[in-house]
Every structure is written in structure tokens, then in C-alpha cells.
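Below: one structure, written as C-alpha cells.
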Amino acid sequence: MTQEELFKKLVAHCKEYGFIFPSSEIYDGLSAVYDYGQMGVELKNNIKKYWWDSMTRLHDNIVGIDAAIFMHPRTWEASGHVGAFNDPLIDNRDSKKRYRADVLIEDWLAKQDEKIAKEVEKARKRFGESFDEEKFRATSPRVAETAARRDAVHQRMADALNANDLEALRQIIIDCEIACPISGTRNWTEVRQFNLMFETKVGSVAEGANTIYLRPETAQGIFVNFLNVQKTGRMKLPFGIAQIGKAFRNEIVARQFIFRMREFEQMEMQFFVRPGEEMMWWNKWKETRMSWHRALGFGDDNYRFHDHEKLAHYANAATDVEYNFPFGFKEVEGIHSRTDFDLGNHQKFSGRKIQYFDPETGESYVPYVVETSIGVDRMVLQVLSAAFAEEKLDNGEERTVLRIPAQLAPVKAAVLPLVKKDGLPELAHRIKNELKFDYNIQYDEKDSIGKRYRRQDAIGTPFCITVDHQSLEDGTVTVRLRDTMEQSRVAIDALHGLIESKVSMRSLFDKLK
Ligand code: GAP
């Protein structure tokens, strides 16, 4: 199965099992907007809890807030979003489709990498056991030529983006002979800038309505509350403010399911530091955040850092944590050194003094900021992509299983009476009713036990607890594990401890120390 086929299957699976639905589907959906179903919302909440607790509980100097989505419109002038939160867009005159110019070029660059990978694979087959990949990459003229062309285009794109040179971006598209994926033609318009913020109005028209924006990042809600939190919390530098909330961007290239949405959720933490110490903290947060990802056990090689070619208007250093999705390595999280840009500009635009008095140096200054910013939805997609598997079993049957880390699994255990009689449903209900105070538990008595196991595998439930006639006699049940399908007899009294040992976030937090 190709990665593309696997991804299609995953998208269908998410809908079939109540994880993610297209928004307002009965009206044929709304592009790049999705709803989370009964399983999706549990997974998402668990991811948020993993992030929130790791920030606000494991760090004595990080606190959380929940700011409003609507903010004073001057906020977005101060932050630079009114002037500079743009995407470079280009239209194909034949298909009438609109694209992000940089994304068209990035796709072309990815194709060059695929070409190189194909050459390597061909050579591997040709040379067999004796194949030395490193040597081949270093010496093959064809690989060298493709790599040189790729690197040159990459550099031109970075230069054009940094200089905001739209004509240069268009010229790369022409020079690389990039065609529209729909019409197949190269009949391109000029490249134009397009602001990504959604506007709406507050107040009635008669009173004179004001244009306000749906926030494109949650970070600004933190910056405007810097003084409130610092003063009321008696916070001393360095300290952080964390927030989880919705953000909105009028994305033109909406692709890859929940990877790029118009309404999405962010988990952001702004860490305020002394000027001059920001690079030390930026490196520290890179390490901390990478450990947070890797603790989930999806394979260390599936993550990498990607430093930004074009720094955002507020940053002096920026990197992305990328995960190896079925459609390639893509950004999940950004770690940005934002200097004093935001607080400094809010000070300027609001006329309020936004400074910190440092008792150690006796000076007042605008703190510098290191930000960690991760998309909740991209994390959901990361977990689902890593967890989704189709397996052939020893008995020739097949199963689809979501190997979601137990701590994040939507349902922690299913209680299944073997038959619907002889007092087994009553005992199963008693077990469920006891466990449900601590965990999300399902009860299921419909269909054969094999079918019920499959249904639980498909939503990623780590434990299936089967109640049978022996349970009535000796107070034990069969516990079947999702990943290994191993079964063992466990005393009913021991179930809570067994579940706790696997689903507690503690086991993840221990890896972060
Ligand atoms: N405050 C900084 C900031 O917003 P960003 O790199 O634009 O930085 C941070 O966004 C994270 O938010 C990204 O790494 C990604 O996970 C998520 N994100 C951004 N745009 C998104 C979109 N359209 N759909 C889903 N997630 C998105």
C-alpha cells in the first residue's frame, strides 16, 4: 500500500469511527473546516491535557490563561498582522484555481527529492548486498545534478521570500516549468499578497460598526495580558504563560485533511526572558519540546527540526518540529524567538508602559520572548497517522487497529459480557459503573466477542475486559491487550490498578524529566 492510499484509508477510518467529520456535511461540507466526533473529541482533549499539564504543572514558572478570541483591532496593527500576515498567491488562468506560490515551489522541490530517492532505490536493486548508499549519493552524476538544481531553486525561493520579491517567485515557477495540477497548463497570473485574517463587525451598523478580526494566533491574548499575569501572579523572569484556544486563518491552499484548516486550535506558550538570554532559552525549549513529542514513542527518526528560510516579521530565530506524515515531513510545531517585538509594539500602540522591573539588576526593560506554538489538530493527525495500521493475523483474518498511546486513547477499556444472559451483563455493568468514575469506559454486548474486539481495536481501546461464567465463580475476568492481543485472567479488584499503570500521564511525564 502506498503512503497516499494509507492516508486515504485513514481519512475514511476517521469518519467511519466517529473521530472527524466534514463540517456541515449535510450541506456538502465547508472547505478546510472539520468537526470532531465522539472519539475525536476525547483524543483531542487527552492531547490538550498532555500539553497543558506538561507546561503548567511540570514547570513551576509557567501559568495558564484563557483569553477571548475577539480582541481590540489595534492589537493586530501592533502585532504586524494587518500589514504583514500575507500569503503570496498565484492563479492559473485556465483552471481558475488559486495556489500559494511558495507551496507550488515546495512541491516541486519535494519532487526532486523523490527523483533522487528513486535513483537510490534503482541502484540498491542493481547492486544488491554490496550497495553503499552514502557513496552512491556522493558519486552518482544524475543524483548530483538533481540535488544541485534542487538546492539552487531552494535558495532562490528563500531569497525571494525574504525580499518579498513576488516577481522573483513567479519567475521560479516559470523557470521550473511548474504546471497547474488541474489544467496541466503554465498559464499563470502575477503573484499577489493576500491577508489571511478573517474580518467581522461588532456593534450595529446604525451605531457605526467596527471591524474586528478573528485571531490568527492565540499568542496576542498572552502578550496583552503580560502585565496582568506578571503583577497578579507575582511572576519573576524567566516565566511563561500558556494558552490553548481557537485560531482562524483564511487559508487558500487547504489540503491534507486537518493539516491545514481555516478554523483550528493552537497550544501556545510565551516564555518571557531577559534580553540577551533568548538564544539560550530558544535552544532549551527546542530540546524540551522535542522530548515531549518523542515521549509518545512514534520513533525518534520520525521527527526533525527545520529552520525557517524566511523569518516571520517578529522573529530573530525560528525552527519547526516536523513529523514524518504519510505525505512527508511536515511542520507540527514552531519554536520562535520573538525578541521584544510584540511587547514593544503593544507598548507603543497602547501608550501603556509594558516593562519588567528586574530586582536583580535594578533595571526596567521590555522582556524578550521565546514561543512554542503547536497545532492541536496537527497533533491529532500525527497521533492518528502513527497509530493507524492494517494487520494480517495468524488465523488469516485482518484487523484495523489504532495503536494510540494508552494515555491518549479516547476509550481506555471496554467491558464485554461474553453472552447476554446468566447474570453476565449485570456483572459487566457493575464493573463499568465502578471504573467510569476514573476512565472513559464502553460497555458492549452486541455481536460475537471477536467482532467486538475488532470494533475496539478500530478506535484504539487498549484494554478489553471480558466477563464470562468463571467471573461469577471466582471474581476474575479476561483482559485482552490491544497491541499484542494477549489475554490473561485478572481479578476484578486488580482492574483499576492495571488500567492506571498504562493510561496515567505520569508515565509520559517521567520521560520528560
Ligand atoms: N504564534 C505563532 C504561530 O502562530 P505558526 O507557525 O503560524 O506560528 C503555529 O503556527 C502552529 O499552528 C503550526 O506549527 C501548526 O501546528 C498550527 N497551524 C498553523 N496554521 C494552521 C492551519 N491552517 N491549520 C492547522 N494548524 C495550523
Side-chain angles (χ1 to χ4, degrees), residues 20 23 30-34 36 44 47-48 51 67 69 71 75-76 78-81 84-87 100 102-103 161 194-198 213-224 240-271 282 285-286 289-290 292-293 303-323 325 327 329-339 341-343 345 369-385:
I20 298 160
S23 157
L30 182 65
S31 173
V33 187
Y34 290 91
Y36 283 84
K44 191 161 131 155
I47 289 172
K48 288 198 264 188
W51 184 87
I69 288 172
M71 299 181 73
T75 308
W76 305 109
S79 70
H81 284 82
F85 195 52
N86 301 318
D87 272 349
R100 259 174 65 175
D102 54 333
V103 170
L161 287 172
F194 176 84
N195 194 286
L196 297 181
M197 282 197 295
F198 283 105
Y213 301 99
L214 296 188
R215 65 182 180 197
E217 62 170 9
T218 61
Q220 296 304 324
I222 294 178
F223 291 127
V224 298
I241 305 179
Q243 175 170 223
I244 299 178
K246 288 268 178 153
F248 305 83
R249 294 182 190 178
N250 196 1
E251 299 281 2
I252 293 308
V253 185
R255 286 193 310 186
Q256 284 138 351
F257 195 32
I258 57 168
F259 183 80
R260 198 178 297 286
M261 300 155 87
R262 297 204 165 109
E263 174 181 340
F264 58 100
E265 221 169 343
Q266 288 185 315
M267 306 188 277
E268 298 202 296
M269 194 280 299
Q270 310 296 320
F271 199 70
W282 181 65
W285 276 108
K286 275 174 69 173
R289 294 303 305 149
M290 189 56 106
W292 185 89
H293 285 279
Y303 298 90
R304 69 181 187 195
F305 286 117
H306 174 251
D307 291 338
H308 285 201
E309 258 97 48
K310 181 187 184 213
L311 290 174
H313 55 276
Y314 49 72
N316 69 355
T319 197
D320 294 334
V321 176
E322 291 190 339
Y323 176 72
F325 286 100
F327 41 87
F329 273 96
K330 296 277 176 206
E331 171 188 353
V332 182
E333 171 158 9
I335 300 158
H336 312 128
S337 171
R338 290 182 81 130
T339 67
F341 177 88
D342 300 272
L343 290 183
N345 264 14
V369 173
V370 172
E371 157 186 85
T372 72
S373 174
I374 172 169
V376 180
D377 312 274
R378 285 199 192 168
M379 256 323 279
V380 170
L381 190 58
Q382 183 197 127
V383 171
L384 289 170
S385 308

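Both ligands and their constituent atoms are indexed starting at 1 by order of listing.
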Are Asp377 and ligand 1 in contact, using a heavy-atom cut-off of under 4.0 Å?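 So Asp377 does not count as touching ligand 1.
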Any non-hydrogen atom of His336 lying under 4.0 Å from ligand 1?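 It does, in that a heavy atom of His336 comes within the 4.0 Å cut-off of ligand 1.
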Would one find an N or O of Gly375, backbone or side chain, under 3.5 Å from an N or O of ligand 1?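 Yes, there is a polar N/O contact under 3.5 Å.
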Output the list of atoms in ligand 1 that are nearer than 4.0 Å to some heavy atom of [X], sorted by atom number.
X      : answer
Glu268 : 1 (N), 2 (C), 3 (C), 4 (O)
Glu217 : 1 (N), 2 (C), 3 (C), 4 (O)
Glu371 : 1 (N), 2 (C)
Gly334 : 14 (O)
Glu333 : 14 (O)

With Val321, the side-chain contact (heavy atoms from CB on, under 4.5 Å) member among Lys286, Glu333, His306: Glu333
Report yes or no: is the cationic atom of Arg378 (NZ for Lys, CZ for Arg) closer than 6.0 Å to the six-membered ring centre of Phe259, at no more than 45° off its axis? yes
Answer yes or no for Lys330 and Phe325: cation-pi contact, defined as NZ/CZ to six-membered ring centre under 6.0 Å and angle to ring axis within 45°. no
Top protein contact for [atom], by heavy-atom distance:
atom                    : value
atom 9 (C) of ligand 1  : Ser373 OG, 3.0 Å
atom 18 (N) of ligand 1 : Phe264 CE1, 3.5 Å
atom 25 (C) of ligand 1 : Phe259 O, 3.3 Å
atom 16 (O) of ligand 1 : Val332 O, 2.7 Å
atom 12 (O) of ligand 1 : Gln266 NE2, 3.3 Å

Please state which part of [X] comes within less than 4.0 Å of ligand 1, counting heavy atoms only: side chain, backbone, both or neither.
X      : answer
Arg338 : side chain
Asp320 : neither
Arg378 : side chain
Tyr314 : side chain

How far does [atom1] of [X] sit from [atom2] of [Y], to the nearest 0.5 angstrom?
X      : Y      : atom1 : atom2 : value
Gln266 : Met379 : CD    : CE    : 14.5 Å
Arg100 : Glu251 : CZ    : CD    : 6.5 Å
Asn316 : His336 : CG    : NE2   : 11.5 Å
Asp307 : Thr319 : CG    : OG1   : 4.0 Å

Shortest reach to atom 4 (O) of ligand 1 by a heavy atom, considering only Glu331, Met261, Arg249: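 Ranked by closest heavy atom to atom 4 (O) of ligand 1, first place is Arg249.
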Identify the two heavy atoms, one from Thr339 and one from Tyr314, that lie closest to each other, and give their separation to 0.1 Å. OG1-O, 3.6 Å
Parallel, tilted or perpendicular, as decided by the 30° and 60° cut-offs, for the rings of His293 and Tyr303: tilted
Evaluate the side chain to side chain donor-acceptor pair (under 3.5 Å) criterion for residues Glu268 and Thr218: first the C-alpha distance (whole Å), next the side-chain angles of each, then the deciding distance (0.1 Å), finally the verdict. CA-CA 7 Å; Glu268 298 202 296; Thr218 61; 2.6 Å; yes
Are the charged groups of Arg338 and Glu217 less than 4.0 angstrom apart, N to O?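 Looking at Glu217 together with Arg338, the answer is yes, because their closest N to O distance falls below 4.0 Å.
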